[in-house]
Amino acid sequence: MPRLISSNGKKVVSGQTKIAHVVSGGGMKSLFYQMGVAMCFENKRFRYQGGLLDSPTEKLLPRHQPGTNIIDMIVGSSAGSEFGIGPALGHSARDMYELFMSDELLKKRGFARGVWKYIDTKWDAVPQLVNFGKAIPKALGYDGNWRSLRKVFGHTFSPMDFIRSLNIESMTIKSPFVLTGLERRLDAFLRTDNVFEYKNDFRWLDCDFFVVTTPLNRTGRIVYSRRPFEANHRITYRNDLKISTAIAASSSLQCFHPLRATHFNGEEVDLVDGETRKTLSYKIAGDNGADLVFVSYTHVPFMYDPSRSIADHGMGHIDVQSLYLMIEEKILTSKESTEAKNKTYHKVKETFERAKRDHPGELEVICEVEKEIMEVMMIGMNMRPGIEYVFINPESTNQDFFFSPHMYMGQKYIEKMAKQGYEDAERVLKGYEFRFGLPKDELPFTYKSAEEKK
């Protein structure tokens with residue numbers, strides 16, 4: 001069944017009843033980029049639903065009438081969750097942008113300019129660092145007499161013994177940095193925003209807000225939202241953690257000490273970055289009822305022309321490019337897997353439709369077999385058909401964006417990143433025609449990536 005294309009060549013999307021925005025991480029660069037993406041959404045007539053409920057609930061928000069323009073689900077990891085709390089509380093993307101552009105507003109809302117102001121020192125790690133420093137001369141053979149260091153220049157010194165000795169020491173070192181500062185400032189923000197501290201709770205939000213985290217000492221992911229406890233396909237859903245704690249935990253990159261979260265029942269768990277296991281969490285949106293899912297991310301490797309190389313820009317950029325190449329492969333594999341499942345589903349569906357037309361006398365039997373087989377396919381492949389995914393990301397040829405730092409909060413930098421997010425979202429959305437208020441066209445699952453050439 002072909003995709004419906006309008007007279008101006010755009011792909012038509014209509015009849016959606018629940019819209020989600022899935023937001024990936026990537027440091028402050030991603031946070032400000034997502035603000036630009038969201039501002040473009042708002043200018044295209046989409047509206048984020050947010051604010052507070054009159055009473056808490058553990059149920060997902062009901063679907064809207066077909067053809068809605070309301071984004072009432074946000075799935076965030078790392079910096080994506082830091083962005084997501086803004087619209088989840090009812091703030092427009094423009095409000096968020098103006099907040100971070102103003103030192104006065106930041107201070108008033110409990111924030112500050114400067115990444116280090118969100119990071120605390122884990123003081124019990126300092127003695128370990130001191131001991132590691134003392135281990136270096138010892139590994140060189142120093143025994144209290146400087147003459148003993150002569151062995152370094154002689155045949156008795158073994159570089160491998162030196163490395164082995166230091167490695168044993170370094171394996172026990174804790175990171176001296178922890179994101180409790182971010183947790184504390186987010187808590188202050190939520191209290192100034194909501195007046196009552198107890199509303200630092202997912203169940204009070206007038207938006208289905210999902211924060212993805214990775215538990216350090218167990219497999220799978222923990223997703224915090226309004227949903228009560230439930231384990232499903234290596235994902236555990238919980239709602240018994242403060243919003244501020246969940247966001248800080250989701251943002252805890254491996255260079256930070258894991259954030260120890262305490263659930264409302266007193267149970268403790270060490271959590272790290274939400275994208276440790278999976279880069280994009282768009283399946284969470286589909287599993288929870290969304291049928292139009294916008295996915296915005298910044299993990300795009302830069303593609304040089306054949307005559308040049310990122311190797312010329314030093315180790316830091318080589319590491320970033322290598323990480324992005326690995327992430328890109330995971331994203332492409334996930335997309336291809338999901339698309340293959342949906343193509344298979346629709347192919348089987350078309351086969352049954354043809355059987356119904358060709359054998360009208362056996363319609364009842366065919367319908368029974370169809371229902372059973374389609375249910376088995378959906379369960380076995382862990383999928384939901386009929387979801388439209390729209391991917392928004394920088395182009396791989398955008399050199400200026402790739403080489404921009406990830407952790408910076410200057411006004412000009414914020415303006416630049418937000419502008420890029422806006423432009424990329426506008427470029428992708430130009431290929432779509434969203435028919436608000438109209439019934440859904442029965443169309444197959446498709447992808448529209450920002451990497452595709454118009």
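Computed from a predicted structure; not experimentally measured.
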Colleague: By the definition salt bridge (Lys or Arg N to Asp or Glu O under 4.0 Å), identify the one residue from Arg203, Arg238, Arg226 that meets it with Glu58.
Modeller: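 Among Arg203, Arg238, Arg226, the one meeting salt bridge (Lys or Arg N to Asp or Glu O under 4.0 Å) with Glu58 is Arg203.
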
Colleague: If you draw a 6.0 Å radius around NZ in Lys44, do more than 12 non-hydrogen atoms from other residues or ligands fall strictly inside?
Modeller: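 Atom NZ in Lys44 is crowded, with more than 12 foreign heavy atoms closer than 6.0 Å.
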
Colleague: Do the side chains of Asp187 and Arg184 get close enough for a salt bridge, i.e. N-O under 4.0 angstrom?
Modeller: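 No, this pair does not count.
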
Colleague: Which residue in the set Ser24, Ser78, Ser281 passes side chain to side chain donor-acceptor pair (under 3.5 Å) when paired with Glu275?
Modeller: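 In the set Ser24, Ser78, Ser281, the residue that makes a side chain to side chain donor-acceptor pair (under 3.5 Å) with Glu275 is Ser24.
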
Colleague: For the residue pair Glu183 / Thr245, report whether a side-chain donor-acceptor contact shorter than 3.5 Å exists.
Modeller: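 Result is yes, a qualifying pair exists.
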
Colleague: Measure across Ile247 and Ser81 and return the closest heavy-atom pair with its distance rounded to 0.1 Å.
Modeller: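 In this case the closest contact between Ile247 and Ser81 is CG2-OG, 3.5 Å.
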
Colleague: With salt bridge (Lys or Arg N to Asp or Glu O under 4.0 Å) as the criterion, how do Lys343 and Glu339 come out once you've worked through the C-alpha distance, each side chain's angles and the decisive distance to 0.1 Å?
Modeller: CA-CA 6 Å; Lys343 284 183 176 179; Glu339 188 168 14; 3.8 Å; yes

Colleague: Could you check whether any side-chain N or O of His91 sits under 3.5 Å from a backbone N or O of Ile85, counting only pairs where one atom can act as donor and the other as acceptor?
Modeller: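 Side chain of His91 to backbone of Ile85, a donor-acceptor pair under 3.5 Å: no, none is there.
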
Colleague: Side chains of Ser14 and Arg435: do they bring a donor and an acceptor to under 3.5 Å?
Modeller: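 Note: Ser14 and Arg435 side chains miss the donor-acceptor criterion.
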
Colleague: In terms of side-chain heavy atoms, does Gln420 have a donor or acceptor partner in Asn398 at a distance below 3.5 Å?
Modeller: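 The criterion, which ignores hydrogens and geometry beyond distance, is satisfied for Asn398 and Gln420.
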
Colleague: Could you walk me through whether Lys371 and Glu368 satisfy the salt bridge (Lys or Arg N to Asp or Glu O under 4.0 Å) test, starting with their C-alpha distance in whole Å, then the side-chain angles of each, then the deciding distance to 0.1 Å, before giving a yes or no?
Modeller: CA-CA 5 Å; Lys371 181 180 179 181; Glu368 289 180 1; over 6 Å; no

Colleague: Answer yes or no: is there a donor N or O on one side and an acceptor on the other, between the side chain of Arg113 and the main chain of Leu106, under 3.5 Å?
Modeller: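 Not at all, since once roles are kept as given, no pair shorter than 3.5 Å links the two residues.
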
Colleague: In terms of the angle between their ring planes, are Phe403 and Tyr304 parallel, tilted or perpendicular, with boundaries placed at 30° and 60°?
Modeller: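 The rings of Phe403 and Tyr304 sit tilted, inter-plane angle from 30° to 60°.
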
Colleague: Should Met28 and Tyr408 be marked as a side-chain contact (heavy atoms from CB on, under 4.5 Å) after you check the CA-CA gap, both sets of side-chain angles, and the distance that decides it?
Modeller: CA-CA 6 Å; Met28 307 310 291; Tyr408 189 59; 5.9 Å; no

Colleague: Distance only, no hydrogens: is a donor on one side chain within 3.5 Å (strictly under) of an acceptor on the other, for Tyr118 and Ser251?
Modeller: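 Looking only at side-chain atoms, Ser251 and Tyr118 do not form any donor-acceptor pair under 3.5 Å.
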
Colleague: Could you check whether Asp206 and Gln49, counting side-chain N and O atoms only, form a donor-acceptor pair closer than 3.5 Å?
Modeller: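 A donor-acceptor contact under 3.5 Å links the two side chains.
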
Colleague: Could you pull out the closest heavy-atom pair between Phe100 and Leu31, with the gap in Å?
Modeller: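 Distance-wise, the nearest heavy atoms are CZ-CD2, 4.2 Å.
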
Colleague: Using the ring-ring contact (aromatic ring centres under 6.0 Å, His included) criterion, which residues pair with Phe41? Sequence neighbours excluded.
Modeller: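 By the ring-ring contact (aromatic ring centres under 6.0 Å, His included) rule, Phe41 matches His21, Phe294.
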
Colleague: Do the non-hydrogen side-chain atoms of Phe402 and Val300 ever get within less than 4.5 Å of each other?
Modeller: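 A side-chain contact under 4.5 Å is absent here.
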
Colleague: Any idea which heavy atoms bring Leu186 and Ser244 closest together, and the distance?
Modeller: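 Closest approach of Leu186 to Ser244, heavy atoms only: CB-CB, 3.7 Å.
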
Colleague: In terms of relative ring orientation, are Phe436 and Phe434 parallel, tilted or perpendicular, with 30° and 60° separating the classes?
Modeller: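 Parallel, since the angle between the ring planes stays under 30°.
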
Colleague: Could you walk me through whether Tyr33 and Phe83 satisfy the ring-ring contact (aromatic ring centres under 6.0 Å, His included) test, starting with their C-alpha distance in whole Å, then the side-chain angles of each, then the deciding distance to 0.1 Å, before giving a yes or no?
Modeller: CA-CA 10 Å; Tyr33 179 91; Phe83 160 81; over 10 Å; no

Colleague: Let me see the working for Thr68 and Gln16 under side-chain contact (heavy atoms from CB on, under 4.5 Å), right down to the final yes or no.
Modeller: CA-CA 6 Å; Thr68 182; Gln16 63 279 358; 4.2 Å; yes

Colleague: What are the two closest heavy atoms between Ile222 and Val269, and how far apart are they?
Modeller: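 Closest heavy-atom pair between Ile222 and Val269: CD1-CG2, 4.5 Å.
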
Colleague: Please, which pairs that meet side-chain hydrogen bond (donor to acceptor under 3.5 Å, both in side chains) have at least one residue in residues 315-327, sequence neighbours excluded?
Modeller: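 Qualifying pairs: Tyr324-His406.
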
Colleague: Counting only heavy atoms not in Lys278, do more than 12 sit closer than 6.0 Å to its NZ atom?
Modeller: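 No, because the 6.0 Å sphere around NZ of Lys278 holds 12 heavy atoms or fewer from other groups.
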
Colleague: Quick one: do the Ser30 and Glu82 side chains pair a donor with an acceptor below 3.5 Å?
Modeller: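 No, no side-chain donor-acceptor contact under 3.5 Å.
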
Colleague: What closest approach, in Å, do Gly274 and Arg221 show between heavy atoms, and which atom pair accounts for it?
Modeller: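 Reported closest heavy-atom pair: O-CD, 4.5 Å.
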
Colleague: For Lys419, look at atom NZ and say whether over 12 heavy atoms of other residues, nucleotides or ligands are found less than 6.0 Å away.
Modeller: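 No, the 6.0 Å shell around NZ holds no more than 12 heavy atoms from other groups.
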
Colleague: Given Ser250, which of Val223, Val211, Leu271 fulfils the side-chain contact (heavy atoms from CB on, under 4.5 Å) condition?
Modeller: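 Exactly one pass, corresponding to Val211.
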
Colleague: More than 12 heavy atoms of other residues, nucleotides or ligands under 6.0 Å from CE of Met407: yes or no?
Modeller: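 Result for CE/Met407: enclosed.
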
Colleague: Counting heavy atoms not belonging to Asp358, are there more than 12 under 6.0 Å from its CG?
Modeller: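 More than 12 heavy atoms, drawn from other residues, nucleotides or ligands, come within 6.0 Å of this atom.
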
Colleague: Is a side-chain donor or acceptor of Lys29 paired with a backbone partner of Phe401 at a separation under 3.5 angstrom?
Modeller: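 Flag set: sc Lys29 to bb Phe401 pair under 3.5 Å.
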
Colleague: Identify the two heavy atoms, one from Asp424 and one from Glu395, that lie closest to each other, and give their separation to 0.1 Å.
Modeller: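 For Asp424 versus Glu395, the nearest heavy atoms are OD1-N, 4.5 Å.
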
Colleague: Got a sec, which residues hit side-chain contact (heavy atoms from CB on, under 4.5 Å) with Asn288, two or more places apart in sequence or on another chain?
Modeller: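 Here the qualifying residues are Leu60, Met73, Phe210, Arg227, Tyr237, Ile284.
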
Colleague: Does the gap between the ring centers of Phe177 and Trp116 come in under 6.0 Å?
Modeller: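 For Phe177 and Trp116, the ring centres are under 6.0 Å apart.
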
Colleague: Determine whether Lys18 and Leu61 satisfy the following criterion, side-chain contact (heavy atoms from CB on, under 4.5 Å), listing intermediate values before the conclusion.
Modeller: CA-CA 9 Å; Lys18 196 169 187 66; Leu61 298 179; 3.8 Å; yes

Colleague: Are there more than 12 heavy atoms of other residues, nucleotides or ligands under 6.0 Å from atom CD of Glu364?
Modeller: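 No.
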
Colleague: Is there a donor-acceptor pair closer than 3.5 Å between any side-chain N or O of Asn200 and the backbone N or O of Lys242?
Modeller: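 No, Asn200 side chain to Lys242 backbone: no donor-acceptor pair under 3.5 Å.
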
